[in-house]
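Ligands are counted one by one from 1 in listed order, and the atoms in each one are counted from 1 as well.
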Amino acid sequence: MNGAGNRVGAALIAITRRGIVAAVSLAEQWPKARVFALRTRADGMEHPRVTWIEPPLSGHIAAILAHHDPVIFFAALGATVRLIAPHLQNKQEDPAVLSVDEGHRFVLPVVSGHQGGANRWAEQVAGMLGGQAIITTASDAMGLLPVDILGREWGFQVEGDKATLTRMAGHMVAGVPLALVQESGSREWRKGYDPFPGHVVTLERWEEADPNQFRGLLWISRAAVSRQMRSVWEGRMVVYRPPVGQGEAVAVGMGCDRGTSVATVEAALAQVLTSHFLDENDIKVLASIDVKQDEAALLALGRRLHPKMIFYSAQELADVAVPHPSATVLRHVGTPSVAEAAAIRAAGGSMADLVVEKWCYQGDDGKNVTLAIARLAAETVERSGQGMGALFLVGLGPGDHGQMTQRARQVLQEVDCIVGYKTYIKLLGALTHGKEIVGSAMRQELDRCMEACRRAASGQKVALVSSGDVGVYGMAGPTMEILFASGLLARMTVEIVPGITALVSAASRLGAPLTHDFAAISLSDLLTPWAVIETRLEAAAAGDFVTALYNPKSGKRTTQIERAREIFLRFREGTTPVALVTSAYREGESILLTDLERMTQHPIGMQTTVLIGNRSTFIRDGWMVTPRGYGGKYDLDAKVRAAVEGEG
Ligand code: SAH
């Protein structure tokens, strides 16, 4: 076995623009660590689990290798090799070390590729970064299953004598037919081997494996080896024992001090999961006591993991028998146990179902978290597990993928299906690969919203997408109304993912037209009476707001923009700058600078945002600018000239 037993969590070491940083914390959510987040946020120093390292880096390597596994360098292969070389022992003891190039294109396992799992990590990290793992060890390079260490990253214990293991590994390399049966444990390990080599056949039950057809059996199970099984497969069977609870639906019971930070709660959970080889995907219920209903960190965790959230009264918790009752807890909240009692109660079981008993954790902020995990009884899984869907309302920004948020991208990757109008689906391009696409032909917005809600209520993870921001003249409003009216809200979690709205993307193409107060008005009178729109146009014009007009004109609605212009001319000069931005950040983008007098002589369409300047807005050298107002405070020109000449 390798020496990873006493190492905790991963270490990521990056040399960023601002210096050397490392995330050396078990709190990183392996195997789902957000490497991207580290890279981007490290530059802004916002990541709570990122530590800055005092140069030289070489002085820290021994400690990092001793305490972390895997260790991932965002540095050149050569630099990585030189740094770790003095500290390497042997392949049984060294942690997995990886090197990732600056462009995130290649992920190289440097040492402990096979036994230490660096190859597997490389595949995973490459998956997260959208890069490619470069594997050089023989059996892994051939895509064969590692018989001796199968599922080790997920805590599988191998049972089998050495001779059998060697023989079976030989069969694997020689292409001899083998049967593989998995009855329990995480199936995540399979991802890196998809598809399996042709001579390895997966079956549901070991009884299905014909002993004449297969020369060996790989059996992943927690069940005992029966006498019958032994008589058939003795000497040609390897048994893998996954940890208890893994791959099963579980309920997490949690208690924490008031005001505990999200980082601490996340770190506590990560520590428990990592040390028990559990996967956060298996968390179907998160339960606590009712006084924690407004505890920000628990709610944040709920938003991220999308479990069912249950808050019990002190009495409901006090009724549950637990292994570790506490008199102090009883005095404070009126029940001798929060975490254990909540987990057991949410799981619908008894003490025997606890996979993790009371686990205490103190965070960097000095706050305490207690956790317990219980396996869900089968009927509880029915009721809560699969039923909990998620609905994401996602704003895609103007169109170009570079202008989409990181979160939007991440959500699109996670969901099962994407609901949206065909124009938006088209904008997504390759981001829709492998997803079910729904409703792109539906013309009615409401039908799409309803379809999205219906699917999320039935347990799917659904993204409802729209351009710009979903909340700005978008589907977020109608969707929330549908959720309220239908009572479906309780059957799913909802997250709204913001996007760059058209007035902001249009402005960025023009210069700085929104520097002062501005208003947005949609000229679409399909749902809003025209009289209301006119009143708002008048108010914005009179108030000297820079004004963005959405939905200015379509094939059928052509008069509204003329009317808007007339209203503005009552309050502003004909020479007031106006910009027509069409298809910003999309194919066929056009930017036209004109004025109030002449604006409607130019093409305006469904994809156009019209920006009308205020009384101070000006156009210069092709840029549209609304002054902030400093000009009046002092002689800006003189000040700037002085600065440029180095006298200021
Ligand atoms: N939710 C969207 C707005 C939908 S209303 C957002 O937040 O941007 C549709 C109107 O948005 C269009 O008629 C147009 O006025 C504007 N619009 C959307 N995308 C645009 C783009 N790429 N360039 C310019 N205007 C755009």
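One side chain, Ser261 or Asp365, offers a donor N or O that lies under 3.5 Å from an acceptor on the other. Side chains of Tyr550 and Thr501: a donor-acceptor N/O pair is present below 3.5 angstrom, by distance only.
By the neighbour-count criterion of 12 heavy atoms within 6.0 Å, atom CZ of Arg620 is sparsely surrounded, having that number or fewer from other residues, nucleotides or ligands.
Applying the side chain to side chain contact (heavy atoms under 4.5 Å, CB included) rule to Thr535 yields no partners; only residues at least two apart in sequence or on another chain are considered. Under the rule for a side chain to side chain donor-acceptor pair (under 3.5 Å), the partners of Tyr585 that lie at least two apart in sequence or sit in another chain are Ser508. By the side chain to side chain donor-acceptor pair (under 3.5 Å) test, Arg455 pairs with Glu436, Glu451, Gln460, sequence neighbours left out.
Annotation: ligand 1 has protein neighbours Pro398, Ser467, Gly468, Asp469, Val472, Tyr473, Thr501, Ala502, Tyr550, Asn551, Pro552, Val581, Ser583, Ala584, Arg586, Met606, Gln607, Thr608, Thr609, each with a heavy atom less than 4.0 angstrom from the ligand.
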